[in-house]
Structures are given as structure tokens and as C-alpha cells.
Amino acid sequence: MDTEFEDAVRILLIQVPRGTVTSYSQLAKLAGYPGYARHVGRLLSQLPDDSKLPWHRVVTASREISRRGTLAAAIQKQLLRAEGVALKGDRVDPALLWVPDWKPSGR
DNA sequence: GCCTTGACGAACG
DNA sequence: GCGTTCGCCAAGG
């Protein structure tokens with residue numbers, strides 16, 4: 001609530017269903033701040049432990065686990081796998097990406 | 001006020 | 001597919 005940005009990202013993150021993942025840039029864009037991918041990462045890094053936000057469902061644009069700051073990388077993989085997310089090494093299955101407003105009849 | 005770092009991304013070669 | 005470079009904005013030193 002300090003800023004609209006972190007509030008928007010927070011809400012979006014909560015809307016991410018279990019078993020799916022999203023990317024920093026995607027969250028930033030959906031939050032209304034395209035190009036703020038780094039801000040998302042910074043925000044998550046400052047998230048308190050009592051935050052019920054599924055930060056572990058956030059991966060890079062390459063669907064890889066965070067490389068910078070190896071602090072939570074191992075935990076993230078563990079949590080994702082616990083949710084049924086298929087991990088290909090340090091990469092997440094592209095089919096498990098969270099798509100807001102997914103149109104199965106489209107494309 | 002300037003420089004470096006940071007849970008990043010996209011473009012190039 | 002991989003390594004490098006530039007761009008992005010913000011916080012910390």
C-alpha cells in the first residue's frame with residue numbers, strides 16, 4: 001500500500017492459481033507498469049515472511065528460476081514441485097504459465 | 001549528487 | 001542454445 005505498484009502486483013500474485021507460474025515482466029505489465037520487471041523482483045525480495053503471496057510462482061521471462069540471489073532458488077523449485085509444477089531442471093514447463101484471460105478458442 | 005548493486009528483459013553476435 | 005551488451009527503474013552506500 002505504499003504504492004499502487006506493489007498493491008497491484010500483490011493482487012495479481014494472489015490471483016495466480018496453484019500449479020501455474022508467471023514471469024516478472026508479465027506481472028509488471030499486468031500491474032500497469034510495463035518494464036518494471038526489476039521492480040517486481042525487488043518487491044518480492046522485500047516481501048515479509050508472513051506474506052501469503054506465492055512469490056515462488058514467479059519466474060523469469062525464460063521460465064527459469066531466479067538466478068540473481070540464489071537465496072530462494074532452491075526453495076522455489078521445491079515449492080513449485082510440491083504444487084505439481086513440472087520442472088525441467090531449473091526451467092518451468094511453458095504449458096504451466098499463468099495466462100490472464102486465456103482464450104482457448106483463440107489462435 | 002554520483003556510482004554500484006539487484007529475485008530482469010530483450011536485442012545481438 | 002549461449003555469452004555479451006544495453007536498457008530499465010529504484011534503493012543503498
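Remember, predicted model here, so these are calculated numbers, not experimental data. Order of the sequence lines sets the chain letters (A, B, ...), proteins ahead of strands, with each chain counted from 1.
- Atom C1' of nucleotide C:dA11 and atom CD of A:Glu6 are separated by 14 Å, given to the nearest angstrom.
- Comparing A:Arg38 and A:Gln46 against DNA chain C, the residue whose closest nucleotide sits nearer the 5' end is A:Arg38.
- Side-chain atoms of A:Phe5 and A:Val40, non-hydrogen and from C-beta on, do get closer than 4.5 Å to each other.
- Between the OH atom of A:Tyr24 and the P atom of C:dA10 there is a distance of 19 Å, rounded to whole Å.
- Taking the side chain of A:Ala61 as heavy atoms from C-beta on, and the options B:dG9, B:dC8, C:dA10, the nearest nucleotide is B:dG9.
- A straight line from CD of A:Glu64 to P of C:dG1 spans 11 Å, rounded to a whole angstrom.
- To the nearest angstrom, P of C:dC9 lies 17 Å from CG of A:Leu43.
- Regarding A:Leu47, its CG atom lies at a distance of 15 Å from the C1' atom of B:dG6, rounded to whole Å.
- Between A:His39 atom NE2 and C:dA10 atom P there is a gap of 5 Å when expressed in whole angstrom units.
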Show, in sequence, the C-alpha distance, side-chain angles and deciding distance for A:Arg18 and A:Arg57, and conclude whether the side-chain contact (heavy atoms from CB on, under 4.5 Å) test is met. CA-CA 8 Å; A:Arg18 184 175 68 83; A:Arg57 292 183 191 150; 3.4 Å; yes

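- Side-chain atoms of A:Glu83 and A:His56 include a donor-acceptor pair closer than 3.5 Å.
- In A:Gln78, the CD atom is not crowded: 12 or fewer heavy atoms of neighbouring residues, nucleotides or ligands sit closer than 6.0 Å.
- Whole-Å rounding puts the A:Gln76 CD to B:dC8 C1' distance at 13 Å.
- Residue contacts for A:Thr60: at a heavy-atom cut-off of 4.0 Å it reaches the sugar-phosphate backbone alone, with no base atom in range.
- Atom pair A:Leu27:CG and B:dC8:P shows a separation of 13 Å (rounding to whole Å applied).
- If you check distances only, the side chain of A:Arg42 does reach the base of C:dA10 with a donor-acceptor pair under 3.5 Å.
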